Amino acid sequence: MNKITIIGTGSVGSTIAYTLAVYGIVSEIVLIDVNNAKAEGEAMDIRQGLPFCSSISIHAGTYEDAVGSNIVILTSGVARKPGQSRLDLAKTNVEITRSIIPQITKYAPDAIYIIVSNPVDILTYVFHKYSGLPENHIIGSGTILDTARLREHLSEHYNINQQNVHAYVFGEHGDTSFVPWSIANISNIPIDSYYTYLNGKHGPIDHEEVETFVKKSGGSVIAAKGATFYAVSLSVCHICKCLFTGADTTMTVSSLMHGEYGINNVCLSTLSIIGKDGLAGKLVLPLTDDEIAKLHKSAVSLRGVINDLGI
């Protein structure tokens with residue numbers, strides 16, 4: 001029996017619940033929200049479509065109903081408003097997260113926690129600082145969505161299946177993220193030389209253009225439809241699926257650094273291994289000096305926010 005509790009039933013939280021129900025990888029979903037009526041409505045809406053999916057239990061509840069959860073997904077918080085600084089957003093969502101931590105960990109101390117709310121790297125660090133949970137049970141969604149956007153864009157450029165594209169976004173889920181191009185490849189061919197094998201069908205990629213596309217994708221979707229929730233929900237459900245199947249899988253999630261690449265005491269995304277017990281380890285890949293410098297720039301940026309918040 002697999003049980004997942006989702007805290008926050010906005011667009012992201014409710015779409016995660018819906019996607020999990022369609023996937024059929026969970027037997028019980030508990031939805032918790034400060035607006036209980038909203039949580040009840042989302043649960044009812046999904047429940048009424050379950051005759052066409054796998055049979056699961058989905059209902060609104062309180063923190064006490066999270067008892068026995070294998071996974072807890074945190075999506076609660078406020079969205080960034082026009083003109084609001086990153087620091088102001090962080091202050092608000094850090095306080096929300098800190099208020100939630102003792103309430104949920106009291107009833108689900110053994111669960112694996114997936115932090116999705118933004119700024120995700122800061123809130124993942126907050127969970128490490130204040131929850132008392134084992135480190136391997138705290139996973140930030142990090143740049144898993146950025147990496148998916150990168151692979152989708154590269155696959156379109158070269159008209160190749162996304163599963164053949166192996167490239168990643170490292171660093172914070174934000175402005176200082178970057179692509180370590182030295183390890184990017186398509187079917188084991190270094191990505192910067194892949195086009196030479198295509199008989200002139202495609203030209204080389206523009207690193208700056210691709211990275212700009214990845215960083216601005218979320219904003220483009222928000223400008224067009226008001227919010228982003230499908231892709232991030234699929235990303236989070238992928239993490240859940242990997243946790244439940246128990247097959248170790250590499251992905252760019254946010255986790256606490258302990259000297260990898262010379263970085264300590266900050267959460268950001270590098271290539272990690274996710275298994276049935278949560279974070280199983282990290283792969284310290286052979287980055288170039290320039291790429292390591294970019295990773296340090298990300299760490300410094302995040303450390304600045306942490307210091308400003310007094311965490």
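Everything numeric in this text was worked out from a predicted model, so none of it was measured.
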(request) Walk me through it: do His173 and Asp146 pass the test side chain to side chain donor-acceptor pair (under 3.5 Å)? (result) CA-CA 8 Å; His173 176 56; Asp146 309 76; 2.7 Å; yes
(message) For the residue pair Arg303 and Tyr125, would you count it as a cation-pi contact if the rule is NZ or CZ under 6.0 angstrom from the ring centre and within 45 degrees of the ring axis?
(response) yes
(message) Less than 6.0 angstrom separating the ring centers of Tyr195 and Tyr158, yes or no?
(response) no
(message) Run the side chain to side chain donor-acceptor pair (under 3.5 Å) test on Asp65 and Thr62 for me, step by step, so that the C-alpha distance in whole Å, both residues' side-chain angles and the decisive distance to 0.1 Å come before the verdict.
(response) CA-CA 5 Å; Asp65 295 306; Thr62 63; 3.3 Å; yes
(message) Working to the nearest 0.5 angstrom, can you tell me the gap between Thr147 OG1 and His166 NE2?
(response) 13.0 Å
(message) Using 0.5 Å steps for rounding, measure from the OG atom of Ser182 to the CG atom of Leu285.
(response) 8.5 Å
(message) For a side chain to side chain donor-acceptor pair (under 3.5 Å) check, start with the C-alpha distance between Thr143 and Thr252, then their side-chain angles and the critical distance, and finish with the verdict.
(response) CA-CA 6 Å; Thr143 60; Thr252 53; 3.3 Å; yes
(request) Ignoring hydrogens and angles, tell me if any N or O in the side chain of Asn70 forms a donor-acceptor pair with the backbone of Ala111 under 3.5 Å. (result) no
(message) For the backbone of Ile58 and the side chain of Arg47, can you confirm whether one donor and one acceptor N or O come within less than 3.5 Å of each other?
(response) yes
(request) Salt-bridge test for Lys38 and Glu42: reply yes if a basic N is under 4.0 Å from a carboxylate O, no otherwise. (result) yes
(request) Sequence neighbours left out, what passes side-chain contact (heavy atoms from CB on, under 4.5 Å) with Pro134? Give chain and number order. (result) Asn136, His137
(message) Please list all pairs meeting side-chain hydrogen bond (donor to acceptor under 3.5 Å, both in side chains) that have one or both residues in residues 6-16, counting only residues at least two apart or in different chains.
(response) Thr9-Asp33
(message) So, taking the atom named CD1 in Ile7 and the one named OG in Ser117, what distance separates them when rounded to the nearest 0.5 Å?
(response) 9.0 Å
(request) Applying side-chain contact (heavy atoms from CB on, under 4.5 Å), name anything that partners Val221, two or more places apart in sequence or on another chain. (result) Lys225, Thr228
(message) Using the side chain to side chain donor-acceptor pair (under 3.5 Å) criterion, which residues pair with Ser76? Sequence neighbours excluded.
(response) none
(message) Quick check: closest heavy atoms across Ser141 and Ile144, and the distance to 0.1 Å?
(response) O-CG2, 2.9 Å
(request) Return the set of residues passing side chain to side chain donor-acceptor pair (under 3.5 Å) with His59 (not counting sequence neighbours), or none when no residue passes. (result) Glu28
(request) Take Glu209 and His153 through the side chain to side chain donor-acceptor pair (under 3.5 Å) test and state the conclusion after the steps. (result) CA-CA 11 Å; Glu209 181 276 326; His153 193 56; 3.3 Å; yes
(message) By the salt bridge (charged side-chain N to carboxylate O under 4.0 Å, His left out) test, which pairs, at least two apart or in different chains, include something from residues 266-295?
(response) Glu260-Lys282, Asp290-Lys294
